[in-house]
Colleague: 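Below is the structure I would like to discuss, written out as structure tokens.
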Amino acid sequence: MVIYKQILQSKEVNQKLLAILLDPDKIIWDNVEYLIEKIKQSPATHIFIGGSHVQNDILDELIIALKQKMSLPVVLFPGNPSQISDQADAILFLSLISGRNPDYLIEHQVNAAPILKKTQLEIISTGYMLIESGGETAVERISKTKPLDRYNLDLVLATAQAGEMMGNKLLYLEAGSGAKNAVPLEMIQLVAKNIEIPLIVGGGIIDLQGIQSAYKAGADLVVIGTAFENDADFFNTDKK
Ligand code: 1GP
């Protein structure tokens, strides 16, 4: 449990973590070297890899390219059980606990378990909570689940606590990739204060201020996908 241990240790000393989310389907292969350079110059501590329709061959190829050029841990963040690659270091073994679709609560996990058993991947069970963010997101569409009401803090907290009690090692508050509104800070604060396990926050964070605010509210790890996808200089504070 090397990667999870590192996350726990960082939390203990209040060292905040940052994951850049790469969607292999959106990668332009001619730009991979450039992208890797930009990731190396960024404050990222982890690479998350995932997407809605990722093909395995691309997945392997991308992770191999990343691993050749950098030492950041590569963590799979799969949309479905086909997105497993032995080339990665770990996988977020997600359970969509905000929803009530059994496929995303247990069915995909049952299908993935025998495949994962044959790999060396570190399995990190993660309670994944989709939060309403002002429009339909890909997670909502694909999982056919409703997000949690962003104003129903009691329900969000109860869900997070149930996720922790079920034995999840991480909790992920997700607004959805490209979300109009990120997870409310008040919600991050409430959940962070009331759970022991590390808290991941992502979706719709579009500036550096947004990252800092999420950290300040209690996020242990922030995920940035779209903003870096749109601008590889996103983390470069000297650019303006
Ligand atoms: C999506 O939380 C991640 O799963 C990242 O979202 O693409 O909006 O940064 P963005």
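Atoms within each ligand, like the ligands themselves, are counted from 1 in listed order.
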Colleague: Under a strict 4.0 Å criterion on non-hydrogen atoms, which protein residues are in contact with ligand 1?
Modeller: Leu21, Phe77, Tyr172, Glu174, Gly176, Ser177, Gly178, Gly202, Gly203, Gly204, Val223, Ile224, Gly225, Thr226
Colleague: Taking all atoms of both residues into account, what is the closest heavy-atom pair of Lys67 and Val74, and its distance?
Modeller: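 Closest pair (atom of Lys67, atom of Val74, distance): CE-CG2, 3.7 Å.
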Colleague: As a quick check of understanding, evaluate side chain to side chain contact (heavy atoms under 4.5 Å, CB included) for Arg100 and Thr145, giving each step before the final call.
Modeller: CA-CA 7 Å; Arg100 296 296 179 267; Thr145 65; over 6 Å; no
Colleague: Should Glu122 and Ile91 count as side-chain neighbours, where that means a heavy-atom distance under 4.5 Å?
Modeller: no
Colleague: Keeping to residues at least two apart or across chains, list the side chain to side chain donor-acceptor pair (under 3.5 Å) pairs with something in residues 177-193.
Modeller: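 For residues 177-193: Ser177-Thr226.
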Colleague: Is there a donor-acceptor contact under 3.5 Å linking the side chains of Tyr128 and Glu174?
Modeller: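 Present: a donor and an acceptor within the cut-off.
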Colleague: Judged by modelled atom types alone, do Asp60 and Ser85 share a side-chain donor-acceptor pair under 3.5 Å?
Modeller: yes
